[in-house]
2 protein chains.
Amino acid sequence: MDVWKRFGEKEVSHSMAHYLQTVATLKREKGHARVGDIADMLGVSKSGVTSMIRSLHARGLVSHEKYGCVELTPSGSLLAERTESSRRVLTMFLTDILGVQAQVAEEDACMIEHLVSPEVSVELLRITSFLRSDHPVAKQFRDAYHASPRSCAEHAPGACDMCGATCLRESLVREVGDAPLKVRA
Amino acid sequence: MDVWKRFGEKEVSHSMAHYLQTVATLKREKGHARVGDIADMLGVSKSGVTSMIRSLHARGLVSHEKYGCVELTPSGSLLAERTESSRRVLTMFLTDILGVQAQVAEEDACMIEHLVSPEVSVELLRITSFLRSDHPVAKQFRDAYHASPRSCAEHAPGACDMCGATCLRESLVREVGDAPLKVRA
DNA sequence: CAAAACAGTTAAGGCATCTTAACTCTACGC
DNA sequence: GCGTAGAGTTAAGATGCCTTAACTGTTTTG
């Protein structure tokens with residue numbers, strides 16, 4: 001019913017997840033994360049970083065002393081790692097199993113990494129390792145799948161047990177004329 | 001680099017996608033979509049609906065005359081259908097292929113439906129129909145996969161070509177002590 | 001060690017989305 | 001055909017996340 005509203009109640013927002021990952025990356029690569037480095041890496045202003053730090057601090061995800069470096073707390077670190085793992089699993093699944101182009105895979109993974117539940121991430125990891133393995137069924141899958149049809153055959157409404165009245169594929173790929181949709185300001 | 005920032009530049013936001021779907025559903029089920037119906041179905045105030053309608057109208061996604069019914073434009077309708085299809089495909093994939101619990105699958109699908117690119121949705125549809133089909137490989141997959149390990153074996157850093165230094169699964173499921181993370185206000 | 005260069009913060013403001021409160025329409029009962 | 005219930009709108013305010021501009025603190029350097 002109101003699941004959609006919980007979008008704004010995730011433990012961290014999309015922005016927050018990326019700030020946390022950035023701090024983790026900087027810490028790993030340079031040994032410390034400064035406001036300016038974070039701003040550069042994310043492409044936002046330093047004042048934006050300062051205020052986000054305040055917000056992350058209020059949630060117990062980072063610590064920071066004025067004019068000093070930013071550190072992840074244990075929860076912040078956990079969240080950063082989990083998001084990063086989720087992204088890696090998603091990207092691998094999209095490229096290696098679904099065969100989606102790398103750039104699209106990375107963009108999609110970036111968008112949804114923090115929204116996918118651990119349950120689903122774990123299952124994605126499982127199916128990805130299974131289908132990449134040398135298990136005979138995995139090998140057969142790779143051969144058979146790449147030869148499988150890219151779309152369902154033309155079918156009457158109701159003929160396909162997945163599609164129902166209208167072909168799912170059609171509605172996923174159809175464009176409105178040639179006019180691209182207006183992009184949000 | 002800045003992919004993460006395009007989160008706010010999707011053609012429609014999470015909220016907008018749900019408003020569009022709600023209008024489509026009401027139109028289908030009751031023949032018309034009124035402000036109050038939309039507000040009830042989404043669990044928001046009527047004034048919230050009014051202002052979102054203004055915003056959707058500015059993007060050419062709905063039409064609405066004062067005190068009247070809300071209608072989807074062709075682009076709005078396309079977007080609503082696409083989002084709905086994306087959600088159906090995702091849910092099916094998560095439940096039927098990954099075997100994730102229905103409730104979790106629906107929540108995750110609701111969160112990410114509008115963020116998944118058509119390319120990925122189409123491939124998800126393809127793999128889902130393939131693995132649900134009576135193709136011999138699909139049958140073998142179902143048998144073999146359900147018997148496959150739920151986690152990678154204990155392994156040294158670098159031993160698993162997917163995990164790298166730390167086990168992905170570990171970082172996906174690990175909790176910080178017993179303390180649940182603070183939820184966003 | 002002082003001045004300049006650089007890093008970080010605060011303040012003020014914009015946009016999206018939501019809320020409540022108060023107002024305005026519309027339409028039905030009589 | 002008018003009054004009122006209820007549907008819808010506007011206005012004002014909150015929050016999250018971003019910006020620019022102006023200020024403050026720190027560090028480098030000559």
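Protein chains get the first letters and strands the later ones, always in sequence-line order, with residue 1 at the start of each.
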[X] [atom1] to [N] [atom2]: how many Å, rounded?
X	N	atom1	atom2	value
A:Met41	C:dA7	CE	P	15 Å
A:Ile53	C:dG8	CD1	P	9 Å
B:Glu9	D:dC18	CD	P	12 Å
B:His64	C:dC25	NE2	C1'	12 Å
A:His18	D:dC18	NE2	P	11 Å
B:Asp2	D:dC17	CG	P	18 Å
A:Arg54	C:dA11	CZ	C1'	11 Å
A:Ile38	C:dG8	CD1	P	9 Å

Please test B:Arg82 against B:Glu11 for salt bridge (Lys or Arg N to Asp or Glu O under 4.0 Å), starting from the C-alpha separation and ending with a verdict. CA-CA 12 Å; B:Arg82 186 185 287 170; B:Glu11 45 196 5; 3.4 Å; yes
Given [options], the nucleotide with the shortest approach to the side chain of [X]:
X	options	result
A:Lys46	C:dG8, D:dT19, D:dC17	C:dG8
A:Met16	C:dT10, D:dC17, D:dT9	D:dC17
A:Ser15	D:dC17, D:dG8, D:dT19	D:dC17

5' priority, DNA chain C, between A:Lys5 and A:Gly36 [closest heavy atom]: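 Taking each residue's closest nucleotide, the earlier one in sequence belongs to A:Gly36.
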In Å and rounded to the nearest 0.5 Å, what is the CZ to CZ distance from B:Phe130 to A:Phe141?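 Going from CZ on B:Phe130 over to CZ on A:Phe141, the span is 6.0 Å.
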Measuring to OP1 and OP2 of [N], would you say a side-chain N or O of [X] lies under 4.0 angstrom away?
X	N	answer
B:Thr50	D:dT9	yes
B:Ser13	C:dT17	yes
A:Tyr19	D:dG16	no
B:Ser45	C:dT19	yes

Under the side-chain contact (heavy atoms from CB on, under 4.5 Å) rule, collect the residues that match up with A:Gln21, sequence neighbours excluded. A:His18, A:Thr83, A:Glu84, A:Arg87, A:Glu113
Indicate whether any N or O donor in one side chain lies under 3.5 Å from an N or O acceptor in the other, for B:Ser13 and B:Ser15.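 Judged by distance alone, the side chains do not pair up.
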Show the numbers, then the answer: is there a salt bridge (Lys or Arg N to Asp or Glu O under 4.0 Å) between A:Arg126 and A:Glu123? CA-CA 5 Å; A:Arg126 185 178 169 213; A:Glu123 291 300 327; 3.3 Å; yes
Mind running salt bridge (Lys or Arg N to Asp or Glu O under 4.0 Å) on B:Asp37 and B:Lys30 for me, showing each step along the way? CA-CA 10 Å; B:Asp37 300 330; B:Lys30 310 182 52 168; 3.4 Å; yes
At their closest point, which heavy atom of B:Phe7 faces which heavy atom of A:Met111, and how far apart are they?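 Looks like CE1-O, 3.6 Å.
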Tabulate protein N/O versus nucleotide N/O from nucleotides 21-27 of chain D, keeping only pairs under 3.5 Å, one per line.
unit_1: D:dG25; atom_1: O4'; unit_2: A:Tyr67; atom_2: OH; d: 3.3

